[in-house]
Undergrad: 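I am attaching a structure below and will ask some questions about it afterwards.
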Amino acid sequence: MRKLIASAFFAAFAVNAFAAQPDSDAVQKAQQAAESWLALVDSSQYSATWDDAAAPFKSAISKPDWEAAVRAARAPAGQLENRVLISAAYSDHLPGAPAGEYVVIQYKTRFGQTSAIETVTPTKDADGVWRVSGYFIK
């Protein structure tokens, strides 16, 4: 399976090394945003995932390029069977990303054809709403 990197999440890293003092409300809201966004990915609504993404995500990749990249990464995996939360860590800084509020969320995911670790990184956008700023599947 291809690796997919979008937007502010530029490299895989040890989440705990960057964890700041967690804000449980922030983590909960970010996790809700991630799960809503993943539901769109799971139902192949790739255009909608770009529309619902954070500003840094949209700045990093065009909508057509995102749709092609996510389709190429997810199609070979098959249908989602289950997704289990591994971790969710709050941080106020990530390597290669602008200062802000982030929650790095990892899931162990089983698809019809394979298993993967999905990392979804919501950020608190300028309007105060949590939106996905990065997605990585390995």
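Every heavy atom of this structure was used, including side-chain atoms; hydrogens, water molecules and symmetry mates were not.
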Undergrad: Give a yes or no answer on whether the side chain of Trp50 reaches the backbone of Ile61 with a donor-acceptor pair at less than 3.5 Å.
TA: yes
Undergrad: Before giving the answer on side chain to side chain contact (heavy atoms under 4.5 Å, CB included), spell out for Val104 and Phe136 the whole-Å C-alpha distance, their side-chain angles and the decisive distance to 0.1 Å.
TA: CA-CA 11 Å; Val104 179; Phe136 179 83; over 6 Å; no
Undergrad: For a quick test of reading the model, state the closest non-hydrogen atom pair linking Ala97 to Tyr102 and the distance between them.
TA: CB-OH, 3.6 Å
Undergrad: Measure across Ala88 and Val27 and return the closest heavy-atom pair with its distance rounded to 0.1 Å.
TA: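 The answer is CB-CG1, 3.8 Å.
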Undergrad: Is there side-chain contact between Asp52 and Leu40, with at least one heavy-atom pair below 4.5 Å?
TA: yes
Undergrad: Using the side chain to side chain donor-acceptor pair (under 3.5 Å) criterion, which residues pair with Ser43? Sequence neighbours excluded.
TA: Gln45
Undergrad: Report the residues that fulfil side-chain contact (heavy atoms from CB on, under 4.5 Å) with Ala75, sequence neighbours left out, ordered by chain and then residue number.
TA: none
Undergrad: Return each pair, listed once, that meets salt bridge (charged side-chain N to carboxylate O under 4.0 Å, His left out) where at least one residue sits in residues 104-113; pairs must be two or more places apart or across chains.
TA: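 Listed by first then second residue: Glu81-Arg110.
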Undergrad: Considering non-hydrogen atoms only, spot the tightest contact between Trp130 and Ala26 and give its length.
TA: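 Nearest heavy atoms, Trp130 then Ala26: CZ2-CB, 3.6 Å.
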Undergrad: Would you call the rings of Trp66 and Trp37 parallel, tilted or perpendicular, taking 30° and 60° as the class edges?
TA: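 Aromatic pair Trp66/Trp37 classed tilted.
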Undergrad: For residues Val120 and Ala34, report the shortest heavy-atom separation together with the two atoms involved.
TA: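 Here Val120 and Ala34 meet closest at CG1-CB, 3.7 Å.
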Undergrad: Determine whether Tyr46 and Arg71 satisfy the following criterion, side chain to side chain contact (heavy atoms under 4.5 Å, CB included), listing intermediate values before the conclusion.
TA: CA-CA 8 Å; Tyr46 305 135; Arg71 185 175 288 108; 3.7 Å; yes
Undergrad: Running the 4.5 Å side-chain criterion over Ile, Leu, Val, Met, Phe, Trp and Tyr, what cluster does Ile117 land in, apart from itself?
TA: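 Via sub-4.5 Å side-chain contacts, Ile117 links to Ile86.
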Undergrad: Ser133 side chain to Thr121 main-chain N or O, any donor-acceptor pair under 3.5 Å?
TA: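 Pair found, side chain donor or acceptor close to backbone of Thr121.
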Undergrad: Inspect the contact between Asp51 and Lys63 and indicate whether a charged nitrogen and a carboxylate oxygen are less than 4.0 angstrom apart.
TA: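 So Lys63 pairs with Asp51 through a salt bridge.
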Undergrad: Mind checking the CG-OH spacing from Asp25 to Tyr90? Nearest 0.5 Å is all I need.
TA: 11.0 Å
Undergrad: If you apply the rule side chain to side chain contact (heavy atoms under 4.5 Å, CB included), what do you find for Val70 with Val41, and how did you get there?
TA: CA-CA 8 Å; Val70 71; Val41 174; 4.2 Å; yes
Undergrad: Would you mind reporting whether Tyr107 and Leu38 have side-chain heavy atoms less than 4.5 Å apart?
TA: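 In short, these two side chains touch, coming nearer than 4.5 Å.
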Undergrad: Please collect all salt bridge (charged side-chain N to carboxylate O under 4.0 Å, His left out) contacts where either partner lies in residues 111-136, sequence neighbours excluded, each pair once.
TA: Arg74-Glu118, Arg83-Glu118, Glu101-Lys124, Asp125-Arg131, Asp127-Arg131
Undergrad: Measure the shortest side-chain to side-chain distance between Ser47 and Glu67 over non-hydrogen atoms and say whether it is less than 4.5 angstrom.
TA: yes
Undergrad: Just so I know, are the side chains of Thr109 and Leu80 near enough to count as touching, which here means a heavy-atom distance under 4.5 Å?
TA: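 Counting from C-beta outward, Thr109 and Leu80 do come under 4.5 Å.
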Undergrad: Applying a strict under-4.5 Å side-chain criterion to I, L, V, M, F, W and Y, I'd like to know whether Ile137 and Leu85 cluster together.
TA: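 As far as the 4.5 Å side-chain criterion goes, Leu85 and Ile137 are connected within one cluster.
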Undergrad: List in chain and number order the residues that pass side chain to side chain donor-acceptor pair (under 3.5 Å) with Ser62, two or more places apart in sequence or in another chain; answer none if no residue qualifies.
TA: Asp65
